[in-house]
Amino acid sequence: MSYQFEKLTVLIVESNHAMFDLTKGVLSSFGIGRIISAYDTKNGFREFQLSQPDLVIVDWLADESSGLDLTRKIRTSPDSPNPYVPIIMMTGYSQKKRVIMARDSGVSEFVVKPYTASTLYKKIEAIIEQPRQFIKAPNFFGPDRRRKSNEFTGKDRRKSKARPRRASDVAREITKKPK
Amino acid sequence: MNDKNRQHDKTVYFEGYERHRDAELITPPHEIKKKVGSGGIDPKLIKKAEQHIKQDKTNFTPIAETYLQMLEDSCAKLQDQGLDDDDAFEALLFPLVQLKSQGGMFKYPLITEISSRAINFLEVIKALDDDAYDIISAHKMALKAVINKDIKGNDSTEGAALTQALQDACIRYFKAHS
């Protein structure tokens, strides 16, 4: 049993045609059934409304509105048919502040170009297998930005059967009269 | 605990309480999982996709030339008219980011390496002064040379010499400006 990728529709919003063709080829090799293109964010949103894709891959772009604006529009516009759609931001920007900007706009995953097919697949797999809850706050709507849970790695003393020695126990032992 | 501390604790508690009450946690419908099911994909398909990237026949030269021209225009504008730093920064950054991201995808890893160095330089400098402009110009000329001479990887003698010269120039800049 394997993923039935042929059932998926993916929208790629990418201003560079050669890069779009390359990414389309990669997704086709994975077996994705339907791949739709848009070369700017305005058409990107229109295609998103028309085709209602299962996944959106968006470039940072450089026209008057960016991939960040498109992400915010998908997440918050009353005209958005699916504000929960997974969005992968694919871009050459890799600085931490850019990753934070993308995350704050509501993207689900971030892929730095140049990318490998394996990296892109892992991000799609993460979307499928590790879905994140959404946060609805006054100034943010999107996937939970807390990536890791702060797991406690020390000794769990609550599970320990041995009762820790208290100060009163020690005092009792010291003051106990010898038999 | 004195009164002052008690007041402080109370404020923190109520601020936190308000913050949590304003944020709602939603578990969205997981439609994509319902459609694709389980089991991953055959690793052969990932290899096939990697092969697709390797065998791509896109002629990157005209694409790179477009971005190089953009970079030249930004540099010329910066030199002639002067731009405030934010505009200048973004105007230089955009073609460099495009070259960085596409070079590696279209078999020009040296373009990615040089552009990446220029981006890192722009990210850490405090101002786009004349010296910084010279460093960016050096990267621009190196990128031009790589495209004109069709040097793809940095394993060639010329590629290694170029990247070393750019690295030395950056080191000299930071020594002079530290």
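Lettering of chains follows the sequences in order, A, B, ..., and the numbering in each one begins at 1.
- Scanning all heavy atoms of the two residues, the minimum distance from B:His30 to A:Ile127 falls at CE1-O, 3.3 Å.
- Annotation for B:Met105 and A:Leu22: closest pair CE-CD2, 3.5 Å, computed over non-hydrogen atoms.
- For a residue to count as touching a neighbouring chain, one of its non-hydrogen atoms must lie under 4.5 Å from one of that chain's; by this rule B:Phe106 touches chain A with the side chain only.
- Of the atoms belonging to B:Ile63, it is side-chain heavy atoms, and not backbone ones, that fall under 4.5 Å from chain A.
- Between chain B and the residues A:Pro131, A:Pro143, A:Ala137, A:Pro138, the largest count of heavy-atom pairs under 4.5 Å involves A:Pro131.
- Residues B:Ile32 and A:Leu8 have side chains in contact (heavy-atom distance under 4.5 Å, counting atoms from C-beta outward).
- Smallest separation of non-hydrogen atoms from A:Ser2 and B:Gly40: CB-O, 3.1 Å.
- Each of B:Ile125 and B:Ile171 belongs to its own hydrophobic cluster when Ile, Leu, Val, Met, Phe, Trp and Tyr are linked at side-chain heavy-atom distances under 4.5 angstrom.
- With hydrophobic clusters built from ILVMFWY side chains whose heavy atoms lie under 4.5 angstrom apart, B:Phe174 shares a cluster with B:Leu166.
- Contact of B:Glu50 with chain A is made through backbone and side chain together, with heavy-atom distances under 4.5 Å.
- Side chain of B:His52 to backbone of A:Ser29: no donor-acceptor contact under 3.5 angstrom is found.
- Side-chain contact between A:Ser118 and B:Ile46: present, with at least one pair of heavy atoms (C-beta onward) separated by less than 4.5 Å.
- If you measure heavy-atom distances from A:Val112 to chain B, the contacts under 4.5 Å come from the side chain alone.
- Using a 4.5 Å cut-off between heavy atoms, A:Tyr121 contacts chain B through its side chain alone, with no backbone atom that close.
- Each of A:Arg98, A:Glu6, A:Met90 has some count of heavy-atom pairs under 4.5 Å with chain B, and the biggest count is that of A:Arg98.
- The nearest pair of heavy atoms linking A:Glu129 to B:Gly37 is OE2-O, 4.5 Å.
- If you measure heavy-atom distances from A:Phe140 to chain B, you find no contacts under 4.5 Å at all.
- With a 4.5 angstrom heavy-atom cutoff, B:Tyr67 touches chain A only via side-chain atoms.
- Both the backbone and the side chain of A:Phe30 come within contact range of chain B, with heavy atoms under 4.5 Å apart.
- Surrounding CG of B:Asp130 are at most 12 heavy atoms belonging to other residues, nucleotides or ligands under 6.0 Å away.
- Contact annotation: the side chain of B:Ile26 approaches that of A:Tyr84 to within less than 4.5 Å [non-hydrogen atoms, C-beta and beyond].
- Only the backbone of B:Ser38 comes within contact range of chain A, judged by heavy atoms closer than 4.5 Å.
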task = Check the pair A:Phe134, B:Leu25 against side-chain contact (heavy atoms from CB on, under 4.5 Å), reporting the backbone distance first and the verdict last.
result = CA-CA 6 Å; A:Phe134 268 56; B:Leu25 206 57; over 6 Å; no
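- By the 4.5 Å heavy-atom criterion applied to side chains, B:Glu24 and A:Ile135 are not counted as neighbours.
- Checking B:Val97, B:Leu122, B:Ile119 one by one against A:Gln95, the side-chain contact (heavy atoms from CB on, under 4.5 Å) holds for a single residue, B:Ile119.
- The CZ atom of B:Phe94 lies 7.0 Å from the OH atom of A:Tyr93; values are rounded to the nearest 0.5 Å.
- Here A:Ile128 is the residue among A:Ile128, A:Asp54, A:Val26 with the most heavy-atom pairs under 4.5 Å with chain B.
- Within a 6.0 Å radius of NZ in A:Lys24, no more than 12 heavy atoms belonging to other residues, nucleotides or ligands are found.
- Following chains of ILVMFWY side-chain contacts shorter than 4.5 Å, one cannot reach A:Val107 starting from A:Phe141, and the two form parts of different hydrophobic clusters.
- If you take CE on A:Met19 and CG on B:Asp56, they are separated by 9.5 Å, rounding to the nearest 0.5 Å.
- At a threshold of 4.5 Å between non-hydrogen side-chain atoms, the residues A:Lys113 and B:Gln102 do not count as touching.
- Under the 3.5 Å distance criterion, with hydrogens and angles disregarded, no donor-acceptor pair is assigned to the side chains of B:Gln98 and A:Asn16.
- A heavy-atom distance below 4.5 Å is not found between the side chains of B:Ile53 and A:Thr116.
- Residue with the most contacts toward chain A among B:Thr27, B:Asp42, B:Leu99: B:Thr27 (heavy-atom pairs, distance under 4.5 Å).
- Put simply, B:Val124 and B:Leu96 are part of the same group of oily side chains (I, L, V, M, F, W, Y) that touch within less than 4.5 Å, one to the next.
- At a 4.5 Å heavy-atom cutoff, the contact between B:Leu93 and chain A is made by side-chain atoms alone.
- In the displayed structure, B:Lys35 atom NZ is contacted under 6.0 Å by more than 12 heavy atoms of other residues, nucleotides or ligands.
- Contact count versus chain B (heavy atoms, under 4.5 Å) is highest, among A:Pro86, A:Gly31, A:Gly92, A:Ser94, for A:Gly92.
- Atom NZ of B:Lys33 has more than 12 heavy atoms from other residues, nucleotides or ligands within 6.0 Å.
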